[in-house]
Structure formats: structure tokens, C-alpha cells
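As C-alpha cells, the structure follows; a few thoughts come after it.
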There are 2 protein chains.
Amino acid sequence: MAKSEIKSETAHSPRDPGTTSSSASARPARRAASAKTETPYHHGALREALLQAAERVLEREGLAGLTLRAVAREAGVSHAAPTHHFGDLTGLVSELAAIGFRQFNAAMVSACDAATTPLERTLARPKAYVAYAQAHPGMYGLMFRTERLDYSRPSLHEASEASFAGLANAIGAMRQEQISGDALTLDQGAAIARAWSMVHGFTTLLLDGRLKDILERLPKGTTAEQLLQAMLTSTVVPKLPGC
Amino acid sequence: MAKSEIKSETAHSPRDPGTTSSSASARPARRAASAKTETPYHHGALREALLQAAERVLEREGLAGLTLRAVAREAGVSHAAPTHHFGDLTGLVSELAAIGFRQFNAAMVSACDAATTPLERTLARPKAYVAYAQAHPGMYGLMFRTERLDYSRPSLHEASEASFAGLANAIGAMRQEQISGDALTLDQGAAIARAWSMVHGFTTLLLDGRLKDILERLPKGTTAEQLLQAMLTSTVVPKLPGC
DNA sequence: GCGAAATCTTTACACTGTCAATATTGCGCC
DNA sequence: GGCGCAATATTGACAGTGTAAAGATTTCGC
């Protein structure tokens, strides 16, 4: 798929010790080696290390560069090590997406908590949504690229459900009504679909660079965030018929 | 990447003659073969045949199955033949996406033409948008999966620009004002971004199965199209603050 | 009709996911 | 303590992929 510029595949050089300070100092020697800094056969916390490596690879090289072998290289283990922890590529990608959803939800919760004025309370959530996507484009792209994910995995399913529930609650709060879990009116459904579609659509178009044309034609210096706010708050109703 | 169940790679059996009736009958024999139905060395219209094959593969096997070699097999030529016409995979995918944008635009134009009542004129375009995506999920997914496309290709650039221009004009018509090509007010930009984000977001969420939860909770029998219409026409303004 | 250019095939290489077989280690249990 | 089993990680292999280079075949301009 790619070109080259790959190191050595079976590279097993002494891993840089302590990227996350997780008991990485002075492990027992590996094989018959005499050096004490050799990497041990058993990693100890490889699963987490692989997920962190995967996130680094993803944000550095993009979705296409996120391969099992690249992640293994990044983590300094053999190419087949990830399989044992995630089954296959879909497994690893799905677990990474679950982490993304949790980060994502946490970002929105803390943005809501920080909001004070009424306007802030209205805009905190969508702004945090877009901000997360801009700060972690690789992760966001992964989370909404369904074809590579396995939603039957509990961790992913739960995390993305939580994301949806948070949205529905926010809409409920805006409409000053309780949104029950198991039944919706058409109006309620439309409100949720509108909010979600608008923010999600805006985000994907923005990340894909498709809003550049619009932003360039706006008054000089207008940011994406300002456009988002205008889009969400403007009450000018069009005079209808189109085409 | 995949498992197996692949035929023979170098398979070069007599192509089934005349899938699209394009001068496929009784060509000169190939190599020292005596049979008259042998495939000729030169295909004649391989470029178009490859694009059609690619669309079939895409809708049949999904985005992950759209590989250069699979397309070559589908078209009955050697695995390296597509390279000569498209340079690389990105090239083929980009040309296919350009075709998608043209189909897409044509669908919206004809939907607009068919609209008579005011309500129809308002909803024709978004409905056609979603309908195209549902009818050609593979193509739609391809068109908006930027990482695999090369927008510097004139055909793709033009076709997607036309799509944007059509949208901007429709919004202009709704606001009863001319939208000039080179400058926009924040209100105009917001209106365009809102319409595009809403419809594009709705479509991707729908195709990714993420609206299923909502649809299931709506009054029994509610379709995605009805939800779309409600989302676009409902004038119930939320009482604001959220979170 | 002939040489050059276009078209298509063949061959080769580096990369990928995934499986099976092996090596190494940790842990419970006697 | 030591012993065996299960977990963990590596090695090796195989089929599939994109893409480049070299060869074969045909078309086309002159």
C-alpha cells in the first residue's frame, strides 16, 4: 500500500524507557542478554501501550497509516503481538474508537460545566463537539467511519450510546421537557435529528475542507467557530420555496 | 487484507460478451488462439469499462472491496491495466467520485424540475440528496471520504464545485436574494452552512445506521424521509439554554 | 508499409492482515 | 521450593494488495 521508508520490521531495539512512566525501569534482561535495559519478553501492559501507540500513529500518519504492523512497530513489539489482544484490526480500531467516544463525552461534559451565561449554556456542547474534532481529527474520523468498526463490542457500543444519550438530554433541556428513553414524538425526533445532523454535518464538512470556500468568502477573519455560532443562533427564517 | 475466495487472478477466460453492448462481438483472435471469441489484446474502451466495473464492485463489495485488482478482475483484464489509465488507486477512485457527483447533480436538477407545489419546491432538493445516497450508498460514501480522493483532478474538482454552486443557488432562491460568487455576509454563509450541514449530516448519520435508534422510537411506521421533512420544516423554536 | 506511441501483460517487490507454530514468562498449586 | 499450565510474545508463512519496470501487442501518423 505504501512506499517504503520503513525501519526494520523486526526491529527490537531497546524501547525508550518510560513514555508513560508505567513501571518501565530496570526490567529483567531479555533472552541471554547481559544488558539490564533490554526489553523483557512480557511487556506488562501491552494492551494499553498498543492503544496509545495506535492513537499516536493515527494522528501522525492518518487513517490509512493506522495498520496493525505500524502500531506494533510504534510500540516496539513484534508484528503479531496486537492480534493477541484485539483479535484483528477491526478489534483494535474499535477499542480505539471507544476511547475516542469517552474523551469526546468528557470534553462535552466539562464544557457544559464551565458554561455560565445562558448563551454559553446553549453553545457549549456544539462548540466542544467541533473543538474536539479539530483537536483530534484522526480520532473523530475514526469514530464516524462505521465500516471499520464493530459496534457489537460492548465498550464501543456503550461509549457511543452515552454520546447519543448526552445529546438527547441536551435537546430535552432546551425544549424544557423530559425525553423518555423509549418513545419520541415526531417533533422531538426532528429536534434531535436536526441538532445532531447540523453539528455532525458541519464538523465533517469542516474537517474535509469543504467549508473553506464559504469561509473565504465571509468577512475577512471570520473563524469556523463564528460561522458555527451564526448557523446555530440565526433566527432569520428563509422565505421558503427553493430550487 | 481479505480472506480468500478469490478466483484465479490471472484469469483471462473469455469475457462474457456484451455486458454493455459496446462493440464486443467477434473481435480478432488473441495470441495464436484459433477461437474467434478470444479477448483481444486491446480492449478498445477500457477506461469506461473499468469505471463501470469499479462502480459494480463498489456497490457489491463495499468501499473496502474496491481495489485496483478487483476492478481489473471484474473487467477481465490484467491487474496492472488500470494503472495505465488512472495512475494509481486514488486516480481511479477520484474519477469514479466525479461520476458520482455528476449523477448526484443530475438527480437533484431533475427532482427540482419535477417539483410543482411550493412545498415540493422547498423539499425536492434535500429529498433527492438523501434519496441518491440511499440508492447509491457506496458512491455517496466514496464522494465524501476525502482521504482517498484527489481534488486537484479537474473532473472531480469541477463536478463537486457544481454541486456546491447548486446548493448555494437554492439557498439564494429561498432567501430571495442573489448570492454573489465572491462575497458572502455572515447570515448568508450561515444559511448555506446550515442547509448543507443539516442535509449532509442527516445523510451520513442515516447511512451509518446512527438514526436507527431515533427512528425506532418514533410513532410506528415513520420513515427516514418523514423525519427529514419534519426536521427541515418544523418551526418550533427551542426555548434555548441546554446542557 | 514502417516506426513510434499507445495499450495491455508479465514479473517483481515491499507492504499488509491473519493464521499456525514456537518460545518465554507468570502464576497457581502441590 | 519447584512443577506444569495458561497467558503472552515472537517467528514464519501465505494470500492479498499497490505500484514500478520491462516486455508484448496493437494502433496510428506519416
Side-chain angles (χ1 to χ4, degrees), chain A residues 1-13 15 23 27-33 38-50 54 57 61 63-73 75-93 148 150, chain B residues 1-13 15 23 27-33 38-50 54 57 61 63-73 75-93 148 150:
Chain A
M1 240 156 184
K3 264 307 169 42
S4 49
E5 62 174 292
I6 300 295
K7 308 303 166 54
S8 65
E9 181 70 27
T10 334
H12 228 265
S13 52
R15 222 173 317 115
S23 73
R27 295 222 198 73
R30 160 89 169 287
R31 219 75 63 106
E38 276 292 323
T39 61
Y41 198 99
H42 278 43
H43 182 285
L46 184 52
R47 196 191 139 89
E48 281 64 34
L50 285 171
V57 170
E61 324 217 355
L63 234 170
L66 183 61
T67 70
L68 278 179
R69 291 169 110 108
V71 170
R73 278 193 298 271
V77 294
S78 77
H79 70 262
T83 303
H84 193 263
H85 288 277
F86 303 101
D88 57 7
L89 180 60
T90 300
L92 184 140
V93 164
R148 298 189 69 172
D150 175 13
Chain B
M1 242 161 184
K3 263 299 166 48
S4 51
E5 62 175 291
I6 298 298
K7 307 303 167 53
S8 64
E9 182 66 28
T10 336
H12 229 266
S13 52
R15 225 178 310 120
S23 75
R27 294 221 199 77
R30 160 93 169 283
R31 220 72 63 108
E38 277 292 324
T39 61
Y41 198 101
H42 278 44
H43 181 287
L46 184 53
R47 196 190 140 91
E48 281 66 33
L50 285 171
V57 170
E61 325 218 353
L63 233 170
L66 184 61
T67 69
L68 277 179
R69 292 168 110 109
V71 170
R73 278 194 299 270
V77 294
S78 78
H79 71 262
T83 302
H84 192 264
H85 289 277
F86 303 101
D88 57 8
L89 181 59
T90 299
L92 182 136
V93 163
R148 299 188 67 170
D150 175 13

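Residue numbers begin at 1 in each chain, while the letters A, B, ... track the order of the sequences.
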**Report entry** Given DNA chain D, 5'-ward residue of the pair B/T83 and A/H84, judged by closest heavy atom
**Finding:** A/H84
Query raised in the report: Using a cut-off of less than 4.0 Å, is there contact between a side-chain N or O of A/H85 and OP1 or OP2 of D/dA9?
Result: yes
Requested in this report: Applying side-chain hydrogen bond (donor to acceptor under 3.5 Å, both in side chains), name anything that partners A/D88, two or more places apart in sequence or on another chain.
Outcome: none
Query raised in the report: How many Å lie between CG on B/L89 and P on D/dG18, as a whole number?
Result: 6 Å
Requested in this report: Please name all residues satisfying side chain to side chain contact (heavy atoms under 4.5 Å, CB included) with A/A80, sequence neighbours left out, ordered by chain then number.
Outcome: none
Report task. Rounded off to whole Å, could you give me the CG-to-P distance for the B/L50 and D/dG18 pair? Result -> 13 Å
Report summary line: The answer to which of A/D88 and B/A81 contacts DNA chain C further toward the 5' end, by nearest nucleotide, is B/A81
Query raised in the report: Considering only heavy atoms and no angle criterion, is a donor-acceptor pair shorter than 3.5 Å present between the side chain of B/H79 and the base of D/dG16?
Result: no
Report summary line: Whole-Å distance, B/F86 CZ to C/dC8 C1', equals 14 Å
Query raised in the report: Which listed nucleotide (C/dC19, D/dG18, D/dA9) is nearest to the side chain of A/A80?
Result: C/dC19
Requested in this report: Indicate whether OP1 or OP2 belonging to D/dT17 is found under 4.0 Å from a side-chain N or O atom of B/T67.
Outcome: yes
Report task. Flag the pair A/L89 / A/R148 as yes when at least one side-chain heavy-atom distance between them is below 4.5 Å, and no otherwise. Result -> yes
Report task. Can you tell me the distance, in whole Å, between the CZ atom of B/R73 and the C1' atom of D/dG18? Result -> 13 Å
Requested in this report: Any chance you could lay out the side chain to side chain contact (heavy atoms under 4.5 Å, CB included) test for B/L46 and B/H84, step after step, and finish with the verdict?
Outcome: CA-CA 10 Å; B/L46 184 53; B/H84 192 264; over 6 Å; no
Query raised in the report: Does a side-chain N or O from B/R148 land closer than 4.0 Å to OP1 or OP2 of D/dG18, or not?
Result: no
Query raised in the report: Side chain of B/R69, base of D/dT19: donor and acceptor closer than 3.5 Å?
Result: yes
Query raised in the report: Once you round it to whole Å, what is the distance between P of D/dG16 and CG of A/L68?
Result: 19 Å
